[in-house]
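Indexing begins at 1, ligand by ligand and atom by atom, following the structure's order. We count residues from 1, following the sequence as given.
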Amino acid sequence: MIYIDPPYNTGNDFVYNDSFSNSIENYKVQTNQASSSNPESSGRFHTDWLNMMYPRLLLAKNLLSDDGVVFISIDDHEVVNLENICNEIFGESNRIATICHKSRASISNDKIVSSNHNFIAFYAKNITVIEQNRKLIGVDPVLDNFNYDDNDGKGEYRLVPVDGPGGEKKGNPFYEFLGITNYWRFSKETMTEKYNNGYVVKRGNSLYQKYYKSDAMKTRKTVTTWWDDVGLTSTATTKLKTLMNGPSFDTPKPIELIVRMLKMMTYDDKDSFILDFFSGSATTAHAVMKLNAEDGGNRKFIMIQLPELCNEKSEAYKAGYKNICEIGEERIHLAGEQIKSEWEKEHPSDGLFGSDEQFTTDIGFKVFKLDSTNVNEWDPNMKLDEKELAMRLGEVFKEDRSKEDILYEIMLKYGVFDKQVEEINVNGKTMYRVGKRYMIVCLVNQITSEDVKAIGELSPKTVIFNEAGFNNDNDKINATYNLKQCGVEDIKCI
Ligand SMILES: C[S@@+](CC[C@H](N)C(=O)[O-])C[C@H]1O[C@@H](n2cnc3c(N)ncnc32)[C@H](O)[C@@H]1O
């Protein structure tokens, strides 16, 4: 699932430079300046915004899995243009709905009509797949917010007392069942039948009915386009200020809004990846961790944010946040801590009757900065004498880059960014293991045949060496041969 909340093009809310060659250099220039506005007088008001959005949406579509969807928050400035380019990129038939989110309660009396909602454009990568999954998706689990915290092998359930509410007044039958005399919800026959089928159970001196989650799911209602119960921007802003102890972000989205999308689309796929590439204060990350803690999910988030500089007059800047990424980073950190402590309060582990459950939600995250490659690019115009040339050949990587930089570039190129990374000791040398058996990255110098043997014993699928780490070509050829003998499928030197 992708959720984005791009700048709405209100005149001064987005960073834009009229340079379409989005080279790293241009990117660095853009991010080292405060946000340049997009004044209406520019004559390219909508064009500039659309030029910024189009390539991003195209990429978004390519990144989506077949059962993926995208939700895009937008207001009335660009909703029409946005849906037009979405129709072009995703195909009109893949449009699911335009949702209205009531985001404001106050009224602007200076306007002819005061706008109190945002839109959410909702598209599928492939509507046929979504139609097929409809029974899992087209329902609103939000309507059923109960905790199904027991499981009897037949499924998760919650217990509800079978007492007849209102007693005699409501005409509930009065009789004795399993030694308890009371007004009951059902007749004696129904009670007996439910008891025999395991739907009614006795706990202590009371009778309870089991409500199964699977039954509740069948009765969930279809989601509507009118969302007036998922939080206001003003409330979200106040909550974020409290979490961050003051300075924060101006217009964060409510966590509940994104939780609703997550519940809709990932209720039965709790391992999904969630992407937000206008992440701002990282509300999406907060929502993902919150829902994971609630339903035991393992959804992962990827937040992307331009390091747009904070306005020097802003509270955030004064509190030491240089750019919006730093605000988002701190928010994810604090949100994780808050979710954990709230969970622990609800599941006390002290005392005789306390729970022995552990908080297992993953609240860890890694932070990456975009940069050029770590590998020295070959410049054919370089004028080097023989000695300099020989030196240059030994320098595969740029001088100012760390081993971790190189490791993550390799992982990125292999498409294994989500795999676990471990620093391990192999024959007394520090190497990296990616995934359990997936890959060993060896960036050490003076690689010996013992090192190669020790790597082989770990039986990885792939091994990556630093080319300059071998003393000579013979050693390299031997290493390749020996690792192949150990069953390593892919050996590369960079
Ligand atoms: C409305 S905010 C997102 C707020 C976020 N949903 C939250 O809850 O905090 C829009 C984001 O778009 C970013 N942005 C502005 N211009 C951009 C551009 N040209 N490219 C990428 N991001 C941009 C801003 O830095 C800002 O963080």
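For ligand 1, the atoms lying closer than 4.0 Å to a non-hydrogen atom of T283 are 7 (C), 8 (O), 9 (O). Taking a cut-off of under 4.0 Å to the non-hydrogen atoms of G280, the atoms of ligand 1 that pass are 9 (O), 27 (O). Using a 4.0 Å cut-off to heavy atoms of E308, the atoms of ligand 1 that qualify are 15 (C), 24 (C), 25 (O). Each of the following atoms of ligand 1 lies closer than 4.0 Å to a heavy atom of I324: 25 (O). Against a heavy-atom cut-off of under 4.0 Å, S281 is close to the following atoms of ligand 1: 7 (C), 8 (O), 9 (O). In summary, the atoms of ligand 1 found under 4.0 Å from a heavy atom of P7, numbered by their order in the structure, are 10 (C), 12 (O), 15 (C), 16 (N).
Here the two rings, on Y123 and F71, have centers that are 6.0 Å apart or farther. Remark: aromatic rings of Y157 and Y211 are distant, center separation not under 6.0 Å.
Residue F249 touches ligand 1 through its side chain alone, judged by heavy-atom distances below 4.0 Å. Neither the backbone nor the side chain of A236 comes within contact range of ligand 1; no heavy atom lies under 4.0 Å.
Ligand 1 has no nitrogen or oxygen under 3.5 angstrom from a nitrogen or oxygen of D276. Distances between N or O atoms of Q305 and those of ligand 1 include at least one value under 3.5 Å. At a 3.5 angstrom cut-off on N or O pairs, K253 counts as close to ligand 1.
When the options K300, K270, R299 are evaluated for a side-chain hydrogen bond (donor to acceptor under 3.5 Å, both in side chains) with N292, the one that passes is R299.
Enclosure of atom CD in E92 is not indicated, since only 12 or fewer non-hydrogen atoms of other residues, nucleotides or ligands lie within 6.0 angstrom. Taking a 6.0 Å sphere around NZ of K290, one finds it holds 12 or fewer heavy atoms contributed by other residues, nucleotides or ligands.
Classification of K492 and D490 as a salt-bridged pair holds, one side-chain N sitting under 4.0 Å from a carboxylate O.
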Under 3.5 Å donor-acceptor pairs involving side-chain atoms of residues 247-254, not counting sequence neighbours:
{"residue": "K253", "atom": "NZ", "partner": "Y8", "partner atom": "OH", "Å": "3.0"}

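Taking E342 as the reference, nothing meets the side chain to side chain donor-acceptor pair (under 3.5 Å) condition, with sequence neighbours excluded.
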